[in-house]
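Proteins come first, then strands; the chains are lettered A, B, ... in the order of their sequence lines, and each starts at number 1. Keep in mind that this is a model prediction, so the values were computed, not measured.
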Amino acid sequence: MPEKPYDHNQIELKWHRQWQDAALYKAEENSTRPKYYVLEMLPYPSGTLHIGHIRNYAIGDALARYKWMRGFNVLHPMGWDAFGLPAENAAIANRRPPREWTLQNIEAMKRTHRRFAFSYDWDREISTCEPEYYRWNQWFFLRMLERGLAYRKKALVNWCPKCATVLANEQVVEGCCWRHESTPVEQRALEQWFLRITRYADELLADMEKLEGGWPERVLAMQRNWIGRSEGTEVDFRLDTGEPVRVFTTRVDTIYGATCVILAPEHPLAEGLLDEAGRARAKAMVDARANRDPGDIEKEGFFTGHYATNPYSGEQVPVWIGNFVLIGYGTGAIMAVPAHDERDFEFCTKYGIPIRPVIRPVDGELAREGHLETAFTEDGVMENSGEWSGLPSAEGRRRMSEKAEREGFGKAAVTFRIKDWGISRQRYWGTPIPVIHCERCGVVPVPDEQLPVLLPLDVNITGTGRSPLAEVPEFVNVSCPRCGGAARRETDTMDTFVDSSWYFYRYCDPQNDRLPFDPAKIDYWFPIDQYIGGVEHAILHLIYSRFFTKVMRDLGLVKNDEPATRLFTQGMVIAEGAKMSKSKGNVVAADMLADKFGADTARLFILFAGPPEKEVDWRNEGAEGIYRTLGRIYRFATRNAGRAREGAGGGESDRKVLRKLHQAIRKITEDFESRWHFNTSIATIMELVNVMYAEEARLSGAALAEVLEKLALLLGPFAPYLAQEIWDELGHTGPVFRQPWPAYDPEMAKEDEAEIVVQVNGKLRSRFHAVFGTPKEDLECRALADEKIQPLVSGKQIVKVIVVPDRIVNIVVR
RNA sequence: GCCCGGGUGGCGAAACAGGCAGACGCAGCAGACUUAAAAUCUGCUGGCCCGAAAGGGCCGUGCGGGUUCGAGUCCCGCCCCGGGCACCA
């Protein structure tokens, strides 16, 4: 049979169409197979699908296919993460009817998504731009409002001038907006909606234990850090004005070394303590701190003229204002213990405030006052601390906290770094927050039966800082659902991270119009068995979705405490030394690559570039090598398909090729079951193809049939279109990815003989073949008799001979 | 500063229980086919040295030590690169 040229376009188009019509890639209802839920974190519907996203697909889709072939009932909906419209597209959205624009955008994205994820289940497709999705976002919001998990307050918030909107703390990266890396965020005081994620802070932290082993340590560390739990003590110092000032410390055992109290410049008590000039200085400090990297700012402060009394020692210490004290953490005031805290040390040294050591190292001396070069921050034994002297630090902390609580001037306290999640956005795009402001009734939730509140279509994108929705009278002016009087609709929209916090639940029941989803269906599919995505979501999406899961559990909707048992974070794709991103203009569009070489090549190439957890530096050149290999496979298959259908026979060539085949099956199976190092899986396929070419002329029909058939199956998870085409050429029907995964025969995979390496003093000198299981003594004899070894050992003393059966003989001579 | 990764040919990488360093691919060189080119197929390809060749020797996994018959892999001490966190009291 003549070979055919490899025409990837024709092949991919053909199967793409067939698979669209068939329902074969879908999860089964009432399956007897064990379930497996695979999900990728992909951006949708914004932006261009680039090669980094293909990497996400290539991994997830290969896994989904493999799992099916291994007997699982696999749910593999299209994975996406709903970031909504990028702000820079607002201008476009303004020129065209926004919804139409978005729907077009979605259609284009769907085409690309489908082309790359052939096992993608598009009956489950949902979009956060759709009214139904708004409805359930709003439904969740109202349930949270009922439980006090959603609230409104005036707060200093991060404002990105480019986005013209507020950002959550998690979305501020190095003082700048996460979308505009060179635009510093400003601080503005605005009425904002918050979700009370802090209520779950303890549980979010504690439950990470359940994720150990399944989630990368790196991600857990980042979350732990972000939640930032610390145990300490709150203590009231009594001001000379009579008011208490409460400080938070993790080292109450050092309190006898406290030589001043320092307030944040924004601290509410500061105003009363300061005169006009002082207030101006405090304000200047706040302003100077805005938009700056906090680490760069030099510590500054000034004395308020007031004193406060230490409740343990009775000592009076001066009260200062310090620019390094954060209003947002702890109580916004600290006691400074310069001898035992580096920051306090720096501050007090600068201003000549006494530095008094009160902790000595367990096996050391107490430092002398004025002779410290750095702060001693470790635990030790308390000294010069009145009745507490002689106690170890840890015990002192515990007992001193108890005393504070007993006597009412403080208590043991736990402080978190994480703050409530600000979800208000002044963007046009996003789910409208479903509340109505009535002058008589206050904040009134929109009744469930009036959901969804939809976005108006004719909107001017102003970028002025007010929500564009505020400019649409038909949207804003409503009657109060409670009293019927004139009222105003809330014009803020939700952060799109709200969408992505629960989209993966909706996949289990995308058509439900009674509830966000049927709890029974969630019970079957959840938790997600394998979630795959970039590490950049470690403290955004991945913490929000854990929070949502816990809220949903408390609402009785789900039973699982965590959304995903296993998380895989793939490495970033780097181009020209920088992370691929639209703003840098270095994206390699997936479509371009697919047009030139095909989706199979694009997927295989990104997998071949390196292990999936590692970063890869993208270069176009290599894609041709993969394309060549796929062409070699295709041509080999088409010119030998005829012989394969008939043939019988057998011989040494058959043996060689089949051995390589079974070794390849073993290797690729192992790669799937352990590290997902698909780069080596693909290398193994290439090796197999090279052996097939070398032995082609001498292969029997039977061997050809076996090797081609199993090669198609091995290729199935990585290069679905080509795999299917070969399967078809061989005369099989049905989708290749619904076949069982090939098993390898250990006998077939075995080499006939072992190659024994002979070393002298650890250096490679010779090698010979021996049958497997040759006794140690025989190997030693043969090695010593070897003609290359003889001259190296004769006349020398043989100290020792180490023999590793089937592998190595090492002769040690002197 | 603290916490994670990582450092192997011209390049991407492999070596998964301490046992042949560089599989596989890219780039490069040579040959076959061709009037020619492309495509395709075949071979070579870490460095240095000896040799006409066959072949052989030495060096080589960021640096310095150590353990071991044997170290890219384990231990100790450094250097460099990437990522995360960073006045969090």
Taking atom P of B/U42 as reference, at what distance in whole Å does atom CD of A/Glu695 sit?
12 Å
Nearest heavy atoms of A/Gly332 and A/Val325, plus distance in Å
O-CG1, 3.5 Å
A/Glu615 atom CD is separated from B/A13 atom P, nearest whole Å, by 10 Å
Nearest-Å distance for atom pair NE2/P, residues A/His677 and B/A14:
7 Å
With a 4.0 Å cutoff (strictly under), does any side-chain N or O of A/Arg639 reach OP1 or OP2 of B/C41?
no
Would you kindly give the CZ-to-P distance between A/Phe636 and B/U40, to the nearest whole Å?
17 Å
Going by number, which of residues 259-270 of chain A have a non-hydrogen atom under 4.0 Å from RNA chain B?
none
Does this structure show an ion pair linking A/Lys656 with A/Glu751, if we count only N-O contacts that are shorter than 4.0 Å?
no
Measure distances between side-chain N and O atoms of A/Lys299 and base N and O atoms of B/C87, and say whether any donor-acceptor pair falls under 3.5 Å.
yes
Side-chain donor-acceptor pairs of residues 628-637 of chain A under 3.5 Å, sequence neighbours excluded:
unit_1: A/Thr629; atom_1: OG1; unit_2: A/Gly625; atom_2: O; d: 3.1
unit_1: A/Arg632; atom_1: NH2; unit_2: A/Asn690; atom_2: OD1; d: 3.0
unit_1: A/Arg635; atom_1: NH1; unit_2: A/Gly631; atom_2: O; d: 3.4

Strictly under 4.0 angstrom, non-hydrogen atoms only: write out the protein contact profile of nucleotides 18-26 of chain B, one letter per nucleotide from the 5' end, B, S or -.
-BB--BBSS
Who pairs with A/Tyr627 by side-chain hydrogen bond (donor to acceptor under 3.5 Å, both in side chains), at least two apart in sequence or on another chain?
A/His8
Strictly under 3.5 Å: I want the nitrogen or oxygen pairs between protein and nucleotides 59-61 of chain B, one per line.
unit_1: B/C59; atom_1: OP2; unit_2: A/Lys763; atom_2: NZ; d: 3.3

Contact class for A/Ala221 vs. all strands (heavy atom < 4.0 Å): base, sugar-phosphate, or nothing?
nothing
For residues 317-324 of chain A, which side-chain donor-acceptor pairs fall under 3.5 Å, sequence neighbours excluded?
unit_1: A/Asn323; atom_1: OD1; unit_2: A/Glu300; atom_2: N; d: 2.7
unit_1: A/Asn323; atom_1: ND2; unit_2: A/Glu298; atom_2: O; d: 2.9

Rounded distance (Å) that lies between atom C1' of B/A13 and atom CZ of A/Phe678:
17 Å
A/Phe345 atom CZ is separated from B/G1 atom P, nearest whole Å, by 18 Å
